[in-house]
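Read the structure below first, then the notes.
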Amino acid sequence: MSRHLCISVTLLDGRFHGLGDDGAPEWPPSPWRLYQALLAGGHAGCRAARWTEAQSAAMRWLAKLDPPRILAPAARTAQAYTLWVPNNDHDIIWRAYAKHRQPKKSPADLRTAKPTRPTLLLDPPDSTSTKTDTVYWLYPLDDWPDNSSERSENVTELQRIASGIHSLGWGVDAAIASVSIINGDDALPGQVWEPAPLGVVTDRMLRTPAPDALIELSRCHESFMCRLEGGVYKPTERPGER
């Protein structure tokens, strides 16, 4: 029986706001999104100061594994609506106040429309089945024997990293995660999404991290942190995908 690295994420609110490259709702959540959520959770708050090279090695190992099979609950796209959020131009108002002038615009004028269309997780069609809000990513481990110390160490570090996940999708998509090794996947609920064969392109391709994803994400984070260095705005870099 095949063994898999199983990373599971439970969406606590039963909905998901993540979008794909084309701006359309993404379901199921891609392996690339999972990878970024793991890295973000592992660096959240005080965890950033405790990040170790062993955890970096585990993330590099994860990026090199074959694409996973995904088991996800049935879902549907909800009706779209619009949120109005600040567009970060409030310094115009406070600059006028600092000069004892009446600003030409009010805070209500400085808002940007944010189209929103969440994905809602559905009850299973079979009334005897248990509803789940959990998505499973199953990475094949056929090339890694049970007695592999490298595999064992990486899985242990991924378990620590996964304990820091706080959201998947937008920040409002609160989530918790776990990592384990399982035999097969017959007992797991959800619809099955298989990885496409190498070289085959379909209409529903999901993004996966490249082998050097950790380096790219670190570089992009650094460019974001330095985007205002010297008082001049520098566009932030975007990571590549395969």
Side-chain angles (χ1 to χ4, degrees), residues 1-11 15-40 58-78 117-122 124-125 132-145 151 154-155 158 161-162 165 167-170 173 175 177-217 220 238-242:
M1 182 179 295
S2 297
R3 284 205 160 193
H4 297 87
L5 170 71
C6 175
I7 303 179
S8 63
V9 175
T10 300
L11 294 162
R15 63 187 63 205
F16 175 76
H17 291 81
L19 304 177
D21 285 338
D22 56 359
E26 176 187 77
W27 190 258
S30 69
W32 177 232
R33 185 177 299 278
L34 170 67
Y35 192 88
Q36 293 179 88
L38 286 167
L39 193 61
M59 292 298 292
R60 289 192 293 268
W61 178 74
L62 177 63
K64 294 177 182 178
L65 293 179
D66 289 338
R69 172 185 300 163
I70 303 175
L71 278 74
R76 69 173 178 86
T77 303
R117 195 171 188 182
T119 297
L120 305 180
L121 278 58
L122 303 177
T132 178
D133 293 336
T134 301
V135 182
Y136 303 90
W137 292 262
L138 304 179
Y139 294 84
L141 292 179
D142 295 338
D143 296 335
W144 293 86
R151 192 196 81 172
N154 287 327
V155 170
L158 287 174
I161 295 170
I165 277 189
S167 60
L168 184 74
W170 289 5
D173 297 324
S178 66
V179 175
S180 61
I181 300 294
I182 66 170
N183 294 315
D185 57 14
D186 294 340
L188 297 178
Q191 298 178 335
V192 179
W193 302 75
E194 297 282 359
L198 186 64
V200 175
V201 178
T202 71
D203 294 335
R204 294 296 308 276
M205 300 291 284
L206 293 177
R207 300 168 295 175
T208 62
D212 60 349
L214 183 62
I215 296 174
E216 289 197 59
L217 290 173
C220 293
R238 298 295 300 271
E241 297 120 18
R242 64 177 179 183

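The shortest side-chain heavy-atom distance between L214 and W61 does not fall under the 4.5 Å cut-off. Between V179 and L5 the shortest side-chain heavy-atom distance falls below 4.5 Å. Looking only at side-chain heavy atoms (C-beta outward), P209 and P31 come within less than 4.5 Å of each other.
Between the side chain of R3 and the backbone N or O of D142 there is no donor-acceptor pair closer than 3.5 Å.
Closest approach of Y35 and A213 over heavy atoms only: CE2-CB, 3.8 Å. Heavy-atom minimum distance, P29 versus W137: O-NE1, 3.2 Å. Nearest heavy-atom pair across P28 and A72 is CB-CB, 3.8 Å. Minimum heavy-atom separation, R207 to G20: NH2-CA, 4.4 Å. Here the closest non-hydrogen pair linking L38 and I161 is O-CG2, 3.3 Å. Nearest approach of A177 to A162, heavy atoms of both residues: CB-O, 3.7 Å.
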Inset, instruction - Show your working on side-chain contact (heavy atoms from CB on, under 4.5 Å) between M59 and L158 and close with a plain yes or no. - result: CA-CA 7 Å; M59 292 298 292; L158 287 174; 4.0 Å; yes

Inset, instruction - Run the numbers on I7 and Y139 for side-chain contact (heavy atoms from CB on, under 4.5 Å), then give the verdict. - result: CA-CA 8 Å; I7 303 179; Y139 294 84; 4.0 Å; yes

Inset, instruction - Assess whether side-chain contact (heavy atoms from CB on, under 4.5 Å) is satisfied between L34 and V135, documenting all intermediate values. - result: CA-CA 10 Å; L34 170 67; V135 182; over 6 Å; no

Inset, instruction - Walk me through it: do F16 and L168 pass the test side-chain contact (heavy atoms from CB on, under 4.5 Å)? - result: CA-CA 8 Å; F16 175 76; L168 184 74; 4.1 Å; yes

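To the nearest 0.5 Å, atoms CE (M205) and OG (S30) are separated by 12.0 Å. Considering CG of L19 and CH2 of W27, their distance stands at 13.0 Å, rounded to 0.5 Å. Here the CG-OG1 distance, from L121 to T134, works out to 9.0 Å after rounding to the nearest 0.5 Å. Within the model, atoms CZ of R151 and CG of L141 stand 5.5 Å from one another, a figure rounded to the nearest 0.5 Å. Note: L138 CG to L71 CG = 5.5 Å, rounded to the nearest 0.5 Å. In this structure, T208 OG1 and L65 CG are separated by 11.5 Å, a value rounded to the nearest 0.5 Å.
Listed by first and then second residue, the salt bridge (Lys or Arg N to Asp or Glu O under 4.0 Å) pairs involving residues 29-38 are E26-R33 (not counting sequence neighbours).
For S178, the side-chain contact (heavy atoms from CB on, under 4.5 Å) partners at least two apart in sequence or on another chain are S8.
Note: H17 and W170 have parallel aromatic rings, judged against thresholds of 30 and 60 degrees for the angle between ring planes.
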